[in-house]
Amino acid sequence: CDVFDSKVETLSILRDKLRVSITGFEKAGKIKRASVFVRDLTTSRFAGVYDDEVYYMASLLKIPVLIGGFKLAEVEPKILDQQIYYDGKINLYDEQVIKADSVLQAGNSYDVKDLMRRTAIYSDNTSAQILFDYFPNEFMDRIMQALGIQLTRPDGESENLITARTYAAIFRILYNASYLTKEYSDEALKILT
């Protein structure tokens, strides 16, 4: 109980400090809005600041792409070694706000696992798009639904919207190996580390 009470107090102090920091950044004009969600994975206690604010996924879609590749590998492990020839037609590097440290070179082949790694580590939009095109039709929609981050509007259209709390669930899913096998959950976490 002492450990539990200590975690509650620590997370409460953290939440207060985060709220003060976010307010300071907003007043200084450094951010328009921010959300934070923290969960202690051993006690399941959590702290959140504006953690129910809704955001478009944008680059946050890249972690589900990583998970999707490993989900395919559960059925066909050789997929990770499958070579994809990069002809340079898909080139999103100039449009990318956060520039990738390493870019694909036209005329080279890259295996699926390397493209997944580049997508996650370098936030590489080109690698992510190649994987989206390579994965089976509607596969990523099923991954997003399984992870609980794809919403279907009343008109039947789907949108990828998240909150800090719902996105944090993805990391808990990896930590607990509750969607991917332990082996692939660990590989995904190593890449993210």
Side-chain angles (χ1 to χ4, degrees), residues 35-46 48 51 55-87 90 92-93 96 98-105 108-152 158-193:
S35 299
V36 178
F37 182 80
V38 178
R39 179 183 299 274
D40 182 306
L41 296 174
T42 56
T43 65
S44 293
R45 300 301 303 167
F46 62 88
D51 57 313
Y55 297 90
Y56 287 102
M57 291 214 41
S59 278
L60 296 177
L61 280 168
K62 293 172 181 153
I63 303 307
V65 169
L66 177 71
I67 292 170
F70 285 124
K71 195 64 174 173
L72 277 176
E74 288 180 355
V75 177
E76 180 51 59
K78 292 180 182 178
I79 192 124
L80 297 177
D81 297 323
Q82 181 69 45
Q83 295 289 309
I84 299 175
Y85 178 76
Y86 177 58
D87 59 12
I90 298 172
L92 304 174
Y93 294 115
Q96 199 163 327
I98 297 171
K99 302 297 183 192
D101 290 343
S102 175
V103 298
L104 300 177
Q105 299 300 312
N108 290 341
S109 291
Y110 299 88
D111 63 47
V112 169
K113 189 171 182 181
D114 186 37
L115 293 172
M116 291 164 48
R117 189 182 61 74
R118 289 170 173 275
T119 296
I121 293 173
Y122 302 124
S123 191
D124 187 331
N125 291 343
T126 300
S127 292
Q129 187 61 55
I130 289 168
L131 290 170
F132 266 114
D133 294 345
Y134 181 75
F135 292 158
N137 287 341
E138 299 177 12
F139 173 73
M140 284 309 301
D141 286 341
R142 290 194 305 273
I143 296 293
M144 304 293 274
Q145 289 166 357
L147 295 174
I149 51 179
Q150 186 173 71
L151 307 173
T152 303
S158 60
E159 263 186 299
N160 297 323
L161 301 172
I162 53 116
T163 65
R165 182 183 294 240
T166 56
Y167 201 74
I170 293 172
F171 297 106
R172 195 163 106 219
I173 286 168
L174 289 172
Y175 178 80
N176 291 326
S178 57
Y179 183 66
L180 297 174
T181 63
K182 180 163 178 32
E183 173 191 357
Y184 288 135
S185 290
D186 285 348
E187 280 200 54
L189 288 169
K190 284 177 189 171
I191 289 170
L192 291 170
T193 299

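The chain is numbered in sequence order, starting from 1.
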Please find the pair of heavy atoms, one from [X] and one from [Y], that lie closest to each other, and give the distance.
{"X": "Ala120", "Y": "Ile63", "value": "CB-CD1, 4.5 Å"}
{"X": "Ile143", "Y": "Tyr179", "value": "CD1-OH, 3.2 Å"}
{"X": "Glu74", "Y": "Leu180", "value": "OE2-CA, 3.0 Å"}
{"X": "Pro64", "Y": "Ile149", "value": "CG-CD1, 3.7 Å"}
{"X": "Asp87", "Y": "Ile90", "value": "OD1-N, 4.4 Å"}

Hey, what do you get for [atom1] ([X]) to [atom2] ([Y]), rounding to the nearest 0.5 Å?
{"X": "Ile162", "Y": "Tyr56", "atom1": "CD1", "atom2": "OH", "answer": "12.5 Å"}
{"X": "Ile130", "Y": "Asp124", "atom1": "CD1", "atom2": "CG", "answer": "7.5 Å"}
{"X": "Arg118", "Y": "Lys62", "atom1": "CZ", "atom2": "NZ", "answer": "13.5 Å"}
{"X": "Phe135", "Y": "Met140", "atom1": "CZ", "atom2": "CE", "answer": "6.5 Å"}
{"X": "Arg142", "Y": "Leu147", "atom1": "CZ", "atom2": "CG", "answer": "13.0 Å"}
{"X": "Thr119", "Y": "Asp114", "atom1": "OG1", "atom2": "CG", "answer": "9.0 Å"}

Side chain of [X], backbone of [Y]: donor and acceptor closer than 3.5 Å?
{"X": "Lys99", "Y": "Tyr93", "answer": "yes"}
{"X": "Gln96", "Y": "Ser123", "answer": "yes"}
{"X": "Lys71", "Y": "Phe139", "answer": "no"}

Val65 side chain near Ser127 side chain, heavy-atom distance below 4.5 Å: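 A side-chain contact under 4.5 Å is absent here.
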
Sub-4.5 Å side-chain heavy-atom contact between Leu115 and Tyr86: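 Not touching, per the 4.5 Å side-chain cut-off.
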
Ion pair check, Asp81 and Lys78, cut-off under 4.0 Å: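 Salt bridge absent between Asp81 and Lys78.
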
Gln129 and Asn125: side chain donor to acceptor below 3.5 Å: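 Their side chains do not contain a donor-acceptor pair, so the 3.5 Å distance test is not met.
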
Parallel, tilted or perpendicular: ring planes of Tyr184 versus Phe70, cut at 30 and 60 degrees: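 Correct class here is parallel.
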
Which donor-acceptor pairs under 3.5 Å do the side chains of residues 186-193 make with protein atoms, sequence neighbours left out?
from, atom 1, to, atom 2, distance (Å)
Asp186, OD2, Lys182, NZ, 3.2
Glu187, OE1, Lys113, NZ, 2.4
Thr193, OG1, Leu189, O, 2.7

More than 12 heavy atoms from other groups under 6.0 Å of CD on Glu76: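 Check passes, neighbour count above 12.
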
Can you list, pair by pair, the side-chain donor-acceptor contacts under 3.5 Å of residues 163-176, counting residues two or more places apart and other chains?
from, atom 1, to, atom 2, distance (Å)
Thr163, OG1, Arg165, N, 3.4
Thr163, OG1, Thr166, N, 3.0
Thr163, OG1, Thr166, OG1, 3.1
Arg165, NE, Asp51, OD2, 2.9
Arg165, NH2, Asp51, OD2, 2.7
Thr166, OG1, Thr163, N, 2.8
Thr166, OG1, Thr163, O, 3.1
Tyr167, OH, Leu60, O, 2.8
Asn176, ND2, Arg172, O, 3.3

